[in-house]
Undergrad: 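Handing you a structure now.
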Amino acid sequence: MNLVLREALQGVRHTGIAGVISVATIGASLLALGFLWQVIESGNALANRLRARVEIDIYLKDGVSSQRILALRRRLEARPEVGGIAYMDQEAAAKEFRSRFGLGTVDALSSNPLPASLRVRISPGENMPRRARSVARSVASHSAVEGVNVGEVWVDSLEHFIEVTTRIGLALGCMLCFACAYAVSHATKLMVLAQRDALEIMRLVGATNTTVWMIFGVGGALQGFVGGFLAPLMMAYISPWWAVRVPDLTVTPTIELAFGLVVLGTVLGAIGSWASLNRMLREIA
Amino acid sequence: MNLVLREALQGVRHTGIAGVISVATIGASLLALGFLWQVIESGNALANRLRARVEIDIYLKDGVSSQRILALRRRLEARPEVGGIAYMDQEAAAKEFRSRFGLGTVDALSSNPLPASLRVRISPGENMPRRARSVARSVASHSAVEGVNVGEVWVDSLEHFIEVTTRIGLALGCMLCFACAYAVSHATKLMVLAQRDALEIMRLVGATNTTVWMIFGVGGALQGFVGGFLAPLMMAYISPWWAVRVPDLTVTPTIELAFGLVVLGTVLGAIGSWASLNRMLREIA
Amino acid sequence: MQLYIMPVIKLQNVRVEQRGQPILLNVNTEINQGEFVYLTGHTEAKKRALFRLIIFEDLPSSGVVSVGEYDSQQIRKTDIPQLRRQVGVVFQDFKLLHHRTVSENVAFALEVTGVSRRRIKRKTQAILSDVDLLHKRNAYPDDLSAYERLRVAIARALVNDPLVLLADEPAAHLDSEATEQVMAIFQKINVRGITVIIATHDTAIEDRYSRRILQLENEVIEQIAN
Amino acid sequence: MQLYIMPVIKLQNVRVEQRGQPILLNVNTEINQGEFVYLTGHTEAKKRALFRLIIFEDLPSSGVVSVGEYDSQQIRKTDIPQLRRQVGVVFQDFKLLHHRTVSENVAFALEVTGVSRRRIKRKTQAILSDVDLLHKRNAYPDDLSAYERLRVAIARALVNDPLVLLADEPAAHLDSEATEQVMAIFQKINVRGITVIIATHDTAIEDRYSRRILQLENEVIEQIAN
Ligand SMILES: Nc1ncnc2c1ncn2[C@@H]1O[C@H](COP(=O)(O)OP(=O)(O)OP(=O)(O)O)[C@@H](O)[C@H]1O
Ligand SMILES: Nc1ncnc2c1ncn2[C@@H]1O[C@H](COP(=O)(O)OP(=O)(O)OP(=O)(O)O)[C@@H](O)[C@H]1O
Ligand SMILES: [Mg+2]
Ligand SMILES: [Mg+2]
């Protein structure tokens with residue numbers, strides 16, 4: 001084993017820049033893969049946080065009695081879609097309006113024209129926008145209700161975004177894995193080509209196929225291992241710099257991710273060199 | 001020349017996957033470069049369009065006479081920062097409010113509480129946000145003015161974005177050019193290594209250095225040319241698909257860009273193979 | 001006459017064809033453990049084809065080749081490397097690696113058979129001093145004379161302690177004096193118990209060495225001297 | 001005695017050193033255009049070193065080597081390729097490209113000197129039929145016998161119409177019959193006006209061919225026959 005590793009290392013050294021490029025390709029590919037993973041993970045986390053905040057505003061008519069409001073509240077609380085209800089009087093409405101739309105507008109008004117409202121939080125789960133709309137519809141014709149604002153339920157588009165990202169991620173991930181395997185198989189091929197004479201002599205002096213395979217194949221796994229090692233290292237290195245700029249999306253790799261990338265790199269390296277070797281050995285021998 | 005091209009083509013063919021990878025690297029690098037160029041171009045165009053739209057709202061007190069409004073207008077028009085002024089009465093304000101913030105809110109109000117206003121467009125140029133603020137300050141204490149809203153002058157952050165993109169683009173562009181040259185120099189090196197025996201014999205049977213140089217060097221330029229050709233081709237191919245998704249940012253390459261990429265690819269290919277050859281020939285001979 | 005223990009190489013009714021063309025017709029011969037044999041034959045007598053059979057590079061179209069414990073009808077593909085470790089070959093064109101030094105070329109044969117590093121070093125040194133090339137151990141084959149290259153090839157063939165040594169026209173580039181020296185090396189090897197088979201086009205060889213001679217002519221072997 | 005037009009190769013007080021070690025001492029000789037010369041010398045007599053001088057692979061440490069219109073003191077680096085086109089060499093180890101066919105190997109020498117495609121094809125065919133190898137033009141060198149490889153090497157050396165042909169131990173792997181045939185080829189070449197220099201360790205050559213013989217011994221050249 002010791003011998004094979006040594007010859008493999010020497011073989012990798014012999015490939016020169018091809019080996020370096022191969023390792024760099026693997027490193028870059030796995031880095032991209034790790035990033036993608038983190039984007040999707042962070043996106044999901046963000047979506048979960050937003051899901052806890054999908055709300056509708058039910059504007060109340062002027063001068064509705066607190067008993068009728070309470071009845072409305074009860075009725076809302078009975079629905080499974082409702083996660084929580086908060087009452088917002090005219091004062092609070094004005095305050096919020098001011099903070100959301102700038103100073104000028106409301107202060108320019110003579111009296112507070114904003115109605116009191118019930119703010120209903122939709123319980124988290126699947127398809128929240130649809131459920132929000134169904135709650136809105138159920139109270140729209142209630143006699144105490146002036147109007148309903150379903151608001152910008154943009155968790156929808158976020159979810160859509162995550163879905164698209166995941167799909168792109170999967171496709172890109174496959175491509176990147178392929179790139180890794182390809183880079184190694186290419187490096188292996190060059191290694192074999194550059195050592196074509198050596199390979200012939202190996203066979204003539206009685207090296208077993210296993211030995212030949214190991215000498216060239218272990219090199220591939222080795223490249224994959226190094227590349228797989230570089231990826232989380234680089235992520236960790238980038239992450240403080242990144243955190244300042246894009247705080248919502250952490251790229252610090254978890255131990256699991258780091259380990260996964262190393263294993264993935266090694267496996268892809270082995271597969272790549274195996275594929276190339278199989279063909280090359282058949283061609284040459 | 002005909003001969004050299006043929007041998008070069010054969011040489012490139014001999015490099016096999018290395019040549020393909022090199023061409024692909026050049027293609028991908030130049031594609032990325034082209035994209036970057038287009039992003040920066042489109043960003044600049046967008047910024048220019050937005051620059052034409054930086055506005056401040058000057059809310060007028062209730063019941064101000066049209067003469068006083070005219071006076072205020074004149075005063076504003078005198079300032080160099082002002083590009084245009086539009087008067088917006090209460091009716092128009094309510095309409096806009098509705099279209100911006102949804103149905104519920106304004107319809108829930110008993111009377112129209114929104115003030116009339118003058119909408120001032122800032123003339124395009126440098127540092128528009130600062131000039132917008134200076135205009136706002138100059139009229140804030142005017143007796144006809146209820147309040148001023150400078151709005152979200154996000155042209156600022158867009159410009160910042162473009163600046164950052166341009167810088168990243170420059171850095172990345174250099175890296176990508178380097179990658180191109182590197183890929184070719186690597187392919188050339190492998191070409192020379194794989195043909196080491198052939199090279200020795202070339203010299204022994206009287207090939208001039210120029211011939212040797214051409215045979216291996218023209219291959220590099222050729223790879224660069226093909227890679228440079230692929231880049232705009234791919235951009236053109238992607239662009240209809242892209243246009244549907246990101247309509248603000250066109251990626252259809254202009255003739256100039258396409259031509260530039262081909263030339264850049266060829267030059268980088270020639271440089272790459274030259275650098276590698278110079279070293280290899282010295283080492284081997 | 002000498003007494004030999006057992007046949008180490010045995011060819012029975014061997015016929016070789018390549019792309020329909022007959023290369024060897026009906027070859028029958030036995031070579032015993034410890035023998036020293038010349039294989040003579042004119043230029044293009046297919047001496048190399050015979051050697052290829054013995055290292056199982058080619059398999060016979062019909063007939064049986066057996067070398068040591070292996071024979072061409074029963075050997076498994078995975079056994080061929082084992083067999084080749086028992087047969088050292090000095091190829092006609094030497095087949096040295098141009099980009100490795102003399103000692104790396106010799107060590108290579110050990111490395112790929114999984115010998116320990118210390119042992120590789122020791123054996124390489126020993127065998128290089130046997131063929132008197134220790135002073136050139138760091139030179140590259142292209143800088144050596146033909147005679148020196150031959151000795152590197154011999155060293156590599158021997159370093160694995162084979163049962164049999166095949167040498168294809170080893171004296172081709174040598175004058176008579178150097179030929180004597182190389183033959184002395186082969187004799188020394190033979191005395192250690194290694195079977196030596198030397199191919200040569202020098203059909204007058206029987207006049208100089210009284211050894212068994214197998215002559216390859218018209219695609220068959222005739223034994224012409226003992 | 002024959003009459004020659006002019007010396008095509010001339011060595012004057014040539015001394016070669018490599019890493020401080022003297023390889024050739026004080027070599028003086030002249031070879032005329034159209035001559036047929038044997039260069040004899042024992043194994044390791046430095047015959048190859050002399051050939052390297054003639055193709056300007058090595059330059060003398062002192063003294064002058066001149067070949068055709070070029071001499072080692074005045075030649076510019078860019079002229080060396082031109083000189084080499086006038087000197088065809090059959091190397092001792094042939095130096096054929098393993099991964100090109102026979103005809104590709106021969107054509108290679110023309111291709112890199114910028115000959116037109118049609119002409120390459122025509123000349124390659126012609127020269128291969130001269131050495132009787134047309135039927136093997138698509139074979140790879142590794143599948144050829146030593147004799148056939150030699151003829152490929154001769155074909156490649158000649159295809160550029162050189163003034164001088166150097167052959168380093170061409171008969172090494174040949175029996176006497178094949179040697180006669182190869183010598184006949186060289187004679188035919190010589191009759192066409194090409195100067196032929198053949199290196200050999202066979203010091204008994206004068207008994208068979210009455211040609212001029214330059215003997216390399218103790219790092220100097222002695223002329224022993226004409
Ligand atoms: N296994 C084989 N497959 C195809 N052709 C072969 C094979 N063995 C020999 N030949 C052909 O037979 C001829 C003789 O080749 P070989 O090299 O065996 O001769 P040899 O006796 O070693 O002669 P030399 O003295 O020239 O080395 C050549 O033309 C070669 O192409
Ligand atoms: N230019 C050189 N530089 C260094 N060493 C050399 C040079 N030329 C010859 N030698 C050395 O001199 C010795 C004789 O080599 P050379 O190949 O010239 O002999 P030769 O006459 O061709 O003999 P052979 O019949 O074995 O081919 C070798 O040990 C070689 O390493
Ligand atoms: Mg042979
Ligand atoms: Mg020699």
Side-chain angles (χ1 to χ4, degrees), chain A residues 1-20 187-223 270 273-274 276-285, chain C residues 48 51-52 54-58 67-68 70 76-100 104-120 141-142 152-153 155-166 168:
Chain A
M1 196 57 215
N2 163 21
L3 265 153
V4 166
L5 210 68
R6 188 158 48 78
E7 265 292 314
L9 271 169
Q10 208 176 351
V12 172
R13 218 187 49 209
H14 275 298
T15 45
I17 303 185
V20 173
T188 306
K189 183 176 173 182
L190 291 171
M191 201 155 82
V192 175
L193 275 181
Q195 307 262 81
R196 195 151 40 173
D197 298 347
L199 188 67
E200 188 198 349
I201 290 162
M202 268 184 214
R203 294 181 55 254
L204 288 173
V205 300
T208 59
N209 267 341
T210 321
T211 309
V212 171
W213 208 97
M214 294 278 261
I215 285 173
F216 292 102
V218 169
L222 220 68
Q223 292 175 357
S273 62
W274 178 80
S276 160
L277 257 182
N278 251 14
R279 227 183 28 197
M280 292 297 292
L281 291 184
R282 225 177 309 128
E283 261 176 37
I284 285 176
Chain C
R48 187 169 48 129
F51 277 8
R52 286 170 65 90
I54 297 175
I55 58 171
F56 284 48
E57 267 279 281
D58 292 337
V67 176
Y70 305 100
R76 284 170 306 164
K77 246 189 166 170
T78 48
D79 285 334
I80 291 178
Q82 303 306 325
L83 176 136
R84 287 187 184 159
R85 293 180 199 181
Q86 299 179 5
V87 183
V89 186
V90 177
F91 297 95
Q92 194 164 6
D93 56 359
F94 304 150
K95 290 195 192 297
L96 300 178
L97 291 168
H98 295 280
H99 305 293
R100 302 198 186 210
E104 283 168 356
N105 264 288
V106 174
F108 191 68
L110 290 174
E111 280 171 355
V112 298
T113 52
V115 176
S116 81
R117 207 165 187 174
R118 257 219 347 259
R119 204 148 159 248
I120 289 175
D142 283 345
V152 179
R156 189 183 59 190
L158 285 178
V159 79
N160 246 329
D161 294 323
L163 288 176
V164 181
L165 179 73
L166 308 180
D168 196 354

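By convention in this document, chain letters (A, B, ...) are assigned in the order of the sequence lines, proteins followed by strands, and residues within each chain are numbered from 1.
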Undergrad: Between atom CE of M202(A) and atom CZ of R84(C), what is the distance when rounded to the nearest 0.5 Å?
TA: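 M202(A) CE to R84(C) CZ: 13.5 Å, rounded to 0.5 Å.
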Undergrad: Could you tell me if the side chain of I80(C) sits less than 4.5 Å from the side chain of R203(A), heavy atoms only?
TA: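 Answer no - side chains too far apart.
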Undergrad: F56(C) versus chain A, heavy atoms under 4.5 Å apart: side chain, backbone, both or neither?
TA: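 F56(C) has no heavy atom closer than 4.5 Å to chain A.
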Undergrad: Out of I201(A), V205(A), T208(A), which one pairs with V112(C) under the side chain to side chain contact (heavy atoms under 4.5 Å, CB included) rule?
TA: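 That would be V205(A).
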Undergrad: Just jot down the side-chain hydrogen bond (donor to acceptor under 3.5 Å, both in side chains) partners of N209(A), sequence neighbours excluded, or say none.
TA: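 Scan of N209(A) (side-chain hydrogen bond (donor to acceptor under 3.5 Å, both in side chains), adjacent residues dropped) gives none.
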Undergrad: Test: side chain to side chain donor-acceptor pair (under 3.5 Å). Region: residues 156-165 of chain C. Which pairs qualify, not counting sequence neighbours?
TA: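 The answer is K123(C)-D161(C).
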Undergrad: Count the heavy-atom pairs under 4.5 Å between each of H98(C), Q86(C), R85(C) and chain A, then report the option with the highest count.
TA: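 Among H98(C), Q86(C), R85(C), the one with the most close pairs to chain A is R85(C).
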